[in-house]
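For reference, positions follow the sequence shown, starting with 1. Given the structure is predicted, the values throughout are model-derived calculations rather than measurements.
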Amino acid sequence: MVRRTIGVVLLLQLAFSVTVVEARDRPIRPVQPDKGKYLAYNVGLTSLFTLVSAMAQHQVKSPRDVLWQLLVGSGAGAGFYEGKRVAGGGRAIEGWLVANAASTVVENTASGESPIGKIGYTVGPFRVRVATPFARTAVARIETDWSFAETLFLVAARREANHVRLRDGLIAVDREEGWPNHDFSSPFDGRTYGVFPGRARNRPRVTWDHEVIHAIQSQQLDSVEPAAHLFGGPPSSEPLRLFAFRNVRLGLIHLADTPTYRRPYDERWIEVEAYGLADRHQVPHPH
């Protein structure tokens, strides 16, 4: 438990360090869309966060383990980028599925499971994982994790939304009118709370694609956080039961990401990436 806590602290420090570096490199001109930079950020940061998550879960014992975690994290980072690119191109459900596959690989590898040992899919604040024949740590055929942070996001989204519905495999939180904000004089056409994207009524499709990219960004953060508590104990030689509630994740990595929201709107990396991949232009300057 102590090493797991230390690992979470390291993840928080790493996230905060990235924030500080970005804040010191304030661009003179608006950041231009750059798919090469998006890919590099996703690959580089996901690989580092995967390694630290694996260290917190006692899965790094040799230089070979370090290389393995970095390699898998790099591949998953490329997967997250691809999911965002596909979602931004108007295929939100395909992008969301690709992002879930990337999350599966990160979660499995960082926890000592086979990369394809459990296939995961996020449903609101829950992550449902189905054991495959390659599973090494499963205690049930279907395991469910719960995220405290995503539950808070859902509460906030439900408070602001007029409609909650399923769209493209996600729980959408829509409004009749736009969302008021502190960055622009006019309301936002869309808004995302964690993995819950929303769009105002009669807004263009690209607004939804943009918000799905934000949902994928949130899932990317969720995927690298070690569980704060594990139910069910270690796997045994007994046949797998049908269902088990398995992991609780607090979502502290989201807390570490909050300083990025204090930056000017057109310098927030999440917006730079979403506008570049969905809207195909730089982030508009606040007014």
Side-chain angles (χ1 to χ4, degrees), residues 1-12 15 49-61 65 69 72-73 76 96 99-158 169-171 193-196 215 218-257:
M1 183 65 183
V2 173
R3 287 190 61 180
R4 189 179 297 269
T5 302
I6 292 173
V8 172
V9 171
L10 288 174
L11 277 171
L12 293 174
F49 276 79
T50 300
L51 173 61
V52 177
S53 180
M55 292 171 60
Q57 298 178 75
H58 315 280
Q59 300 305 318
V60 178
K61 301 179 178 65
D65 293 335
Q69 296 294 337
V72 170
W96 182 242
N100 273 274
S103 291
T104 291
V105 173
V106 169
E107 293 167 342
N108 284 343
T109 306
S111 65
E113 178 61 86
S114 164
I116 57 173
K118 302 173 186 176
I119 306 301
Y121 187 82
T122 297
V123 183
F126 300 101
R127 178 97 172 140
V128 180
R129 296 180 294 148
V130 179
T132 74
F134 302 97
R136 297 194 294 257
T137 64
V139 299
R141 299 188 184 279
I142 301 174
E143 298 179 351
T144 299
D145 300 345
W146 173 69
S147 169
F148 176 70
E150 295 295 353
T151 300
L152 294 182
F153 286 136
L154 177 58
V155 171
R158 188 64 190 93
L170 295 101
I171 298 176
Y193 304 78
V195 295
F196 304 96
S218 183
Q219 176 156 38
Q220 191 171 8
L221 293 178
D222 288 333
S223 70
V224 297
E225 180 162 340
H229 188 74
L230 177 68
F231 290 96
S236 67
S237 58
E238 298 293 324
L240 297 180
R241 54 185 185 270
L242 178 61
F243 176 83
F245 184 70
R246 195 65 167 145
N247 297 307
V248 173
R249 290 186 168 86
L250 297 180
L252 296 177
I253 196 70
H254 288 284
L255 181 63
D257 191 50

Stepwise side-chain hydrogen bond (donor to acceptor under 3.5 Å, both in side chains) test for Ser218 and Glu150: CA-CA 9 Å; Ser218 183; Glu150 295 295 353; 3.0 Å; yes
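- Side-chain polar atoms of Gln57 and Ser53 form a donor-acceptor pair below 3.5 angstrom.
- The ring of Phe153 has its center no closer than 6.0 angstrom to the ring center of Phe196.
- Minimum heavy-atom separation, Ala131 to Ala138: CB-CB, 3.9 Å.
- In this structure the side chain of Asn108 never reaches within 4.5 angstrom of the side chain of Ile116, judged on heavy atoms.
- Salt bridge absent: Arg249 and Glu225 never bring a charged side-chain N and a carboxylate O closer than 4.0 Å.
- Residues Leu221 and Asp257 form a side-chain contact, since some pair of their non-hydrogen atoms from C-beta on lies under 4.5 Å apart.
- Gln59 and Asp65 share no donor-acceptor pair across their side chains, judged by distance under 3.5 Å alone.
- Nearest heavy-atom pair across Gln69 and Ala54 is CD-CB, 3.4 Å.
- Taking 4.5 Å as the limit, every side-chain heavy atom of Val130 sits out of range of all side-chain heavy atoms of Tyr121.
- Test Asp145, Thr122, Thr144, Asn247 against Arg127 for side-chain hydrogen bond (donor to acceptor under 3.5 Å, both in side chains) and you get one pass: Thr122.
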side-chain hydrogen bond (donor to acceptor under 3.5 Å, both in side chains) between Thr137 and Glu113, worked out: CA-CA 6 Å; Thr137 64; Glu113 178 61 86; 2.7 Å; yes
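- For the pair Lys118/Glu143, a side-chain contact is recorded, criterion being any heavy-atom separation below 4.5 Å from C-beta on.
- Listed for the Thr151 side chain is no donor-acceptor partner under 3.5 Å among the backbone atoms of Pro125.
- Ser223 contributes a side-chain N or O that, together with a main-chain N or O of Gln220, makes up a donor-acceptor pair within less than 3.5 Å.
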Working for side chain to side chain contact (heavy atoms under 4.5 Å, CB included), residues Val72 and Val106: CA-CA 7 Å; Val72 170; Val106 169; 5.7 Å; no
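- Without hydrogens or angle criteria, Gln219 side chain to Val195 main chain gives no donor-acceptor distance under 3.5 Å.
- Rounded to the nearest 0.5 Å, atoms CG (Leu250) and CG (Leu255) are 10.5 Å apart.
- Atom CZ of Phe243 has more than 12 heavy atoms from other residues, nucleotides or ligands within 6.0 Å.
- The ring-ring contact (aromatic ring centres under 6.0 Å, His included) test with Phe245 singles out one residue from Phe231, Trp146, Phe126, and that residue is Phe231.
- Distance NZ/Lys61 to NE2/His58: 8.0 Å, rounded to 0.5 Å.
- Counting only distance, with no hydrogens or angles, the side chain of Thr104 and the backbone of Gly120 share a donor-acceptor pair below 3.5 Å.
- When side chains are defined from C-beta on, Asp222 counts as touching His254, because their heavy atoms get closer than 4.5 Å.
- Of all non-hydrogen atoms in Val139 and Ala244, the two that sit nearest each other are CG2-CB, 3.9 Å.
- Other residues, nucleotides and ligands contribute only 12 or fewer heavy atoms inside 6.0 Å of the CZ atom of Phe148.
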